[in-house]
Amino acid sequence: MDIKAYIASGILELYVYGSLTEKENLEVYEILQKHPEALEEVKRIEHALDQLSAAVAPNTLSSSYKKIEQNLDASTGGIIAIDRKKTNWPAYIGWAAAVALLIGVFFQSNKNRALRQQVVQQEIEKQVLESKIIIAEEEASKTKSLLDVLRNKTLIRVPLKAQNIDPTAYASVYWDKEQQNTYIDVAGLPDPPPGKVYQVWSLKLNPLTPTSIGILDKFSKNDQKIFLLANPNDSEAFGITLEPEGGSKSPTLEQLYVLGAIAS
Amino acid sequence: MMQPTELIAALQNQNQDAFKRVYDMYADNVYGIIYTIIKDKSLSEEVLQDVFLKIWKNANSYSEKKGRFFTWILNIARNAAIDKTRSKSFKNTSQNQSADYFVDILEHKDNFSSKIDAIGIKKYIASLEPLCKKVIDLLFFKGFTQKEASEELNIPLGTIKTRNRICIDKLRKTLEA
């Protein structure tokens with residue numbers, strides 16, 4: 001091979017430029033291994049191009065190496081995030097969806113909790129109303145049975161009139177002689193003071209013989225103020241006295257509130 | 001210019017000191033090549049950083065059989081710069097449209113680094129024929145193939161190689177004088 005002609009062809013300049021194909025590069029490389037003068041030529045071309053390309057750098061680089069070095073540290077192991085500026089839309093969308101879902105779940109669970117509380121509240125109110133209805137029904141049925149009693153034509157009504165101790169007091173006794181029951185209506189009596197109870201007496205008049213038929217010990221708890229007491233006596237009159245708690249064996253006449261005789 | 005064989009081997013072993021020496025040796029060349037293509041200093045510096053990171057990352061892909069180390073580095077620089085000219089950020093900048101920009105740079109530049117034979121370069125540029133300016137610009141700075149250059153300059157393919165050798169010979173003679 002005529003190495004001088006080869007050098008003169010200008011292929012070595014293009015070799016150093018990098019404008020040859022891979023195959024041509026390998027051919028030149030093999031010739032350079034065999035012909036030191038060709039290699040020497042390459043070195044001189046390279047020197048000239050080194051001068052030319054470095055000369056066109058517009059200014060002296062000052063801080064570039066530091067920036068590169070920082071990225072070297074970050075990429076030890078040879079991985080460099082060259083596309084680091086690329087926006088990762090799927091990830092952003094994913095996170096946004098997750099956040100939106102969390103907000104939605106939180107909102108729904110809050111709403112759910114509020115609704116559940118409301119249901120509990122409604123349930124309580126419903127039970128209160130139901131018990132009120134039961135109470136009202138009980139009272140209505142009591143009143144109804146009372147009415148039935150009062151309409152019973154065999155019933156004897158005995159009005160009891162006020163005595164000296166309280167001129168405004170009054171009461172009534174409804175006596176079912178056959179059933180031996182008395183209904184004592186004491187709506188016209190004042191509430192008894194603490195420690196005292198009203199006691200109801202059946203009286204025989206000649207001679208005057210009082211027999212206790214019971215005490216009204218749940219006076220303030222009985223809204224209708226009508227008490228049912230058994231009365232097996234052959235009564236001629238009824239009286240109500242105020243007695244110490246538990247009642248007395250014989251009436252305290254000073255505390256006689258109402259008294260009435262059966263019309264014969 | 002010697003092929004820095006030991007330095008290349010150290011670089012391929014991920015030796016950072018070797019990398020720093022490679023940077024010191026070639027940063028101006030890389031910067032120069034990028035700048036003649038991009039014509040914007042801060043964008044060129046950005047590309048330069050990417051180029052050296054590629055050199056670090058891809059050091060093992062270099063083999064002497066493929067060409068000179070200098071050539072390998074210049075190829076990475078040219079390709080990165082050309083990629084940048086296709087990017088959005090580049091299209092937003094205004095460029096000097098001069099066909100042989102390296103000549104403009106050298107004619108207006110006064111501050112050369114110490115390794116440059118500034119007087120020789122200036123003298124060379126002043127005496128350079130217009131066709132040589134274009135041939136060197138396309139083949140060396142822009143990385144055109146002979147065929148692309150012959151089409152661009154409208155001269156026969158067979159004369160590109162020898163024409164280019166004549167242009168570079170002048171540079172060598174000026175610098176070696």
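In what follows, every heavy atom counts, from backbone to side chain, and hydrogens, waters and symmetry copies are set aside. Chain letters run A, B, ... following the sequence lines, proteins first and then strands; every chain starts at 1.
Interface residue A:S64: backbone and side-chain heavy atoms are both found under 4.5 Å from chain B. For a residue to count as touching a neighbouring chain, one of its non-hydrogen atoms must lie under 4.5 Å from one of that chain's; by this rule A:L32 does not touch chain B. For A:Q51, the parts lying near chain B are the backbone and the side chain together; criterion is any non-hydrogen pair under 4.5 Å. A:Y17 touches chain B through backbone and side chain together, each having a heavy atom under 4.5 Å away. Only the side chain of A:V42 comes within less than 4.5 Å of a heavy atom of chain B; its backbone N, CA, C and O stay farther away.
Taking a cutoff of 4.0 Å between a charged side-chain nitrogen and a carboxylate oxygen, B:E176 and A:R44 qualify as a salt bridge.
For B:Y62 and B:F69, the gap between ring centers is short of 6.0 Å. Aromatic ring centres of A:Y92 and A:W95: separated by at least 6.0 Å.
The candidate from A:T60, A:L14, A:L49 with the greatest count of non-hydrogen atom pairs under 4.5 Å with chain B is A:L49. Your options are B:I105, B:T145, B:L139, and the one with the most heavy-atom pairs under 4.5 Å with chain A is B:L139. Your options are A:A8, A:S19, A:S63, and the one with the most heavy-atom pairs under 4.5 Å with chain B is A:A8. Among B:F70, B:F144, B:F141, the residue making the largest number of heavy-atom pairs under 4.5 Å with chain A is B:F70. Here A:V56 is the residue among A:L20, A:V56, A:N25, A:I11 with the most heavy-atom pairs under 4.5 Å with chain B.
Between the CG atom of A:L216 and the CD1 atom of A:I226 there is a distance of 12.0 Å, given to the nearest 0.5 Å. From B:I73, atom CD1 reaches atom CG of B:N29 across 8.5 Å, with rounding to the nearest 0.5 Å.
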How far apart are the C-alpha atoms of B:Y26 and B:F52, what are their side-chain angles, what is the distance that settles it, and do they pass the ring-ring contact (aromatic ring centres under 6.0 Å, His included) test?
-> CA-CA 10 Å; B:Y26 298 105; B:F52 276 96; 8.1 Å; no
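Stacking of B:K170 on the aromatic ring of B:Y124 is not recorded, the 6.0 Å distance cut-off and the 45° axial limit not both being met.
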